[in-house]
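Each remark here refers to the structure printed beneath this line.
Whatever order the structure lists them in is the order used to number ligands and atoms, beginning at 1.
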Amino acid sequence: MRWSKTFIPTVREAPSEAEIISHKLMLRAGMIRMLSAGLYIYLPLGLRVIRKVENIIRGELNKKGGQELLMPILQPRELWEKSGRWNAEELGMLTVENRAGREFVLAPTHEEVITDLVRREIRSYKDLPKNFYQIQTKFRDELRPRFGLMRAKEFIMKDSYGFDVDEESAGKTYHGMEEAYRNIFKRCGLHTQVVEADPGAMGGGMSHEFMAVADVGEDVIVCCSKCGYAANKEAVAKNSSVKEGKPCPECGEPLETRHGIEVGQIFNLGTKYSKSMGAAFLDAGGEEKLCVMGCFGIGVTRTVSAVIEQNHDENGIIWPPGISPYRILILPVNITDAPSMDLMEKTYEKLLNSGMEVLLDDRDVRAGIKFKDADLIGIPLRITIGQEKAKSGIVEIKNRRTGEQIDCREEELIQKLGGEQWTLKK
Ligand SMILES: Nc1ncnc2c1ncn2[C@@H]1O[C@H](COP(=O)(O)OP(=O)(O)OP(=O)(O)O)[C@@H](O)[C@H]1O
Ligand SMILES: [Mg+2]
Ligand SMILES: [Zn+2]
């Protein structure tokens with residue numbers, strides 16, 4: 001992609017409403033723009049990152065047998081009355097009325113719709129287990145939307161719903177999802193702690209949260225840096241021996257307090273919704289049973305914020321390669337120099353042909369601005385084409401994270417980039 005053709009409106013100073021680093025950097029790097037409080041436009045660069053996260057999620061969930069579908073955001077009131085959640089304050093539901101006076105909700109979550117589908121379509125134990133998921137916009141009328149994509153009114157969530165014949169099978173689904181989540185966050189370049197959680201408004205039995213450790217996190221967790229044990233606020237409140245300085249219950253090391261961003265949560269729901277919504281099936285003996293359910297969420301857009309909180313320096317974002325909007329940035333220092341332009345076009349062509357995602361900074365702006373923007377938008381590898389070295393067909397490769405830099409002959413570029421050192425290193 002040529003920078004001049006796409007739309008990456010970088011700015012030097014973040015608007016004053018941005019309080020935390022990820023929000024500032026997303027605005028400055030031209031990834032997002034605000035429409036009004038808690039409502040954001042995802043610009044081309046931001047959307048590329050979101051799509052990468054989504055595709056990592058798809059890959060890991062499909063491996064676990066997940067089936068992707070897509071459910072409506074606008075949902076009739078009757079369904080929510082059936083589950084008993086029409087008046088659930090804590091969900092922040094926004095309700096609307098149509099011209100005929102019928103009431104709807106802009107869904108904050110989708111248990112009602114999926115359970116109703118299963119009620120209508122699934123009859124027998126032979127049809128189970130099923131694990132459905134979608135990547136869909138959610139609406140929550142947050143009282144204090146803040147921190148950019150971290151706490152928005154409209155955001156993208158991946159939500160999965162498991163339907164099993166019994167608790168044992170549901171337990172397997174639960175652990176499979178926990179494993180998938182660990183892989184997803186790892187591939188996104190995010191360091192997370194899994195903590196036991198309170199099921200809250202979702203109801204049901206067991207729940208765990210995935211917390212991205214970061215100073216700006218709104219959740220407090222107590223954890224052990226040695227063995228990875230972690231507990232959230234509620235668990236800490238229940239057990240006075242789990243607090244900062246006390247020995248870790250698993251290994252004895254002193255516990256530490258950290259802040260975490262909740263990027264995902266998994267729930268074992270039992271039969272709460274299958275009961276209220278009537279999702280039953282016939283078992284092998286012909287007896288009617290209720291589906292045992294689980295629901296599993298990941299905040300896709302919040303994950304992007306959390307990744308930036310954990311991956312940046314004073315100059316800008318440092319994308320983990322797996323979710324970077326582009327893998328390589330080509331930066332010609334002087335676009336009026338003919339040999340540089342030749343080398344630039346050749347390099348661009350070659351990298352595109354080898355299947356790499358490349359951004360070419362062909363803008364007619366000062367080199368200083370290009371270098372600043374390169375660090376700001378954080379593409380893992382930068383290929384600089386300088387006037388002097390271009391004469392002898394040499395480019396510079398620089399690693400955004402480590403700062404490591406080498407010269408490379410244009411002919412050897414693909415081979416060099418194919419090696420471990422330059423493509424995979426964080
Ligand atoms: N307002 C929001 N903006 C962006 N992402 C959100 C928002 N609310 C929830 N999420 C994401 O969706 C995931 C699943 O939703 P869940 O119902 O568990 O959220 P939640 O526990 O209400 O979140 P929180 O406690 O932060 O309000 C969360 O783990 C989080 O990553
Ligand atoms: Mg949650
Ligand atoms: Zn420990």
Side-chain angles (χ1 to χ4, degrees), residues 22-23 26 32 37-40 42 50 53 57 85 88-94 106-111 133-161 177 181 184-185 188 190 192-204 207-212 214 216-234 241-242 244-256 259-267 269 294-307 309:
S22 57
H23 188 194
M26 270 191 246
I32 57 169
L39 301 176
Y40 286 88
Y42 311 129
I50 291 170
V53 173
I57 292 175
R85 292 209 290 186
E89 279 288 324
E90 63 274 36
L91 288 172
M93 288 185 355
L94 186 74
L106 288 181
T109 177
H110 280 71
E111 283 77 17
Y133 75 93
Q134 67 174 348
I135 296 174
Q136 175 65 298
T137 297
K138 294 282 185 281
F139 194 94
R140 292 187 184 179
D141 198 15
E142 298 277 356
L143 292 173
R144 272 188 359 101
R146 57 193 177 278
F147 303 157
L149 303 192
M150 198 80 87
R151 184 167 300 282
K153 288 192 175 192
E154 204 177 295
F155 58 97
I156 301 176
M157 193 201 284
K158 184 289 299 176
D159 41 330
S160 297
Y161 303 91
M177 293 302 285
Y181 275 33
I184 288 164
F185 293 124
C188 289
L190 205 57
T192 53
Q193 287 274 6
V194 186
V195 301
E196 210 173 305
D198 178 5
M202 290 299 164
S207 178
H208 285 87
E209 284 166 342
F210 286 72
M211 296 286 187
V216 300
E218 296 179 281
D219 292 275
V220 175
I221 58 175
V222 173
C223 55
C224 168
S225 58
K226 194 171 168 204
C227 75
Y229 167 86
N232 77 349
K233 264 197 313 285
E234 292 120 17
S241 63
V242 177
E244 188 167 58
K246 291 268 165 95
C248 165
E250 315 247 300
C251 78
E253 191 78 1
L255 292 168
E256 296 162 25
H259 288 264
I261 301 165
E262 182 199 316
V263 285
Q265 187 165 10
I266 58 178
F267 302 86
L269 296 171
C295 74
F296 314 91
I298 291 180
V300 173
T301 37
R302 183 183 285 183
T303 294
V304 176
S305 296
V307 169
E309 288 296 330

Stepwise side-chain contact (heavy atoms from CB on, under 4.5 Å) check, T109 with R85: CA-CA 11 Å; T109 177; R85 292 209 290 186; 3.6 Å; yes
Report yes if A152 has an N/O atom closer than 3.5 Å to an N/O atom of ligand 1; otherwise report no.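 Checking ligand 1 against A152, an N or O pair does fall under 3.5 Å apart.
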contact_flag V263 ligand 1 heavy-atom lt 4.0 Å: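 Distance cut 4.0 Å: V263 passes for ligand 1.
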Please verify whether a non-hydrogen atom of T303 lies at under 4.0 Å from ligand 1. no
Which atom names give the shortest non-hydrogen contact between A37 and K153, and what distance separates them?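 Closest approach of A37 to K153, heavy atoms only: O-CD, 3.8 Å.
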Show me the donor-acceptor pairs, under 3.5 Å and distance only, between side chains in residues 246-253 and residues at least two apart or in other chains.
none

NZ of K138 to CG of L91, rounded to nearest 0.5 Å, is 12.0 Å
Using 30° and 60° as the class limits, which term best fits the ring planes of H23 and Y40: parallel, tilted or perpendicular? perpendicular
For M93 and F139, what are the C-alpha separation, side-chain angles and deciding distance, and is it a side-chain contact (heavy atoms from CB on, under 4.5 Å)? CA-CA 7 Å; M93 288 185 355; F139 194 94; over 6 Å; no
Counting distance only, does the side-chain N/O of [X] pair as donor-acceptor with the main-chain N or O of [Y] below 3.5 Å?
| X | Y | result |
| --- | --- | --- |
| T192 | M211 | no |
| Y181 | F296 | yes |
| E309 | S22 | yes |

Might you work through the side-chain contact (heavy atoms from CB on, under 4.5 Å) test for F185 and I298, ending with a clear yes or no? CA-CA 10 Å; F185 293 124; I298 291 180; 4.0 Å; yes
Output a table of donor-acceptor pairs, distance under 3.5 Å, between side-chain atoms of residues 216-230 and any protein atom two or more places apart or on a different chain; print 'none' if there are none.
unit_1, atom_1, unit_2, atom_2, d
E218, OE1, R151, NE, 3.3
E218, OE1, R151, NH2, 3.3
E218, OE2, R146, NE, 3.0
E218, OE2, R146, NH2, 2.4
S225, OG, E256, OE2, 3.1

For the Mg ion (ligand 2), count the protein N, O or S atoms found under 2.8 Å away.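 Count of protein N, O, S atoms less than 2.8 Å from the Mg ion (ligand 2): 2.
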Ligand 1-proximal atoms of [X], by part, heavy-atom distance under 4.0 Å:
| X | answer |
| --- | --- |
| T301 | neither |
| E262 | both |
| M150 | backbone |
| M157 | side chain |

Regarding [atom]: of the candidates [options], which has the closest heavy atom?
| atom | options | answer |
| --- | --- | --- |
| atom 17 (O) of ligand 1 | E154, R140, Q265 | R140 |
| atom 24 (P) of ligand 1 | E142, R151, K138 | R151 |
| atom 5 (N) of ligand 1 | F296, F155, F210, F267 | F155 |

With heavy-atom distances below 4.0 Å as the criterion, list the atoms of ligand 1 near G264.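 Those of ligand 1 that fall under 4.0 Å from G264 are 29 (O).
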Numbered atoms and elements of ligand 1 in range of L149, under 4.0 angstrom, heavy atoms: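 Near L149, the atoms of ligand 1 are 4 (C).
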Do the side-chain N and O atoms of Q134 and D159 include a donor-acceptor pair separated by under 3.5 angstrom? yes
If you define the side chain from C-beta out and look only at heavy atoms, does anything of F210 sit under 4.5 Å from L190?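 In short, these two side chains do not touch, never coming nearer than 4.5 Å.
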Is any side-chain heavy atom of Y42 closer than 4.5 Å to one of L149?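 Yes - at least one pair of side-chain heavy atoms lies under 4.5 Å apart.
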Would you please test E262 and R302 for side-chain contact (heavy atoms from CB on, under 4.5 Å) and show each step? CA-CA 8 Å; E262 182 199 316; R302 183 183 285 183; 3.9 Å; yes
Protein N, O or S atoms at less than 2.8 Å from the Zn ion (ligand 3), how many? 4
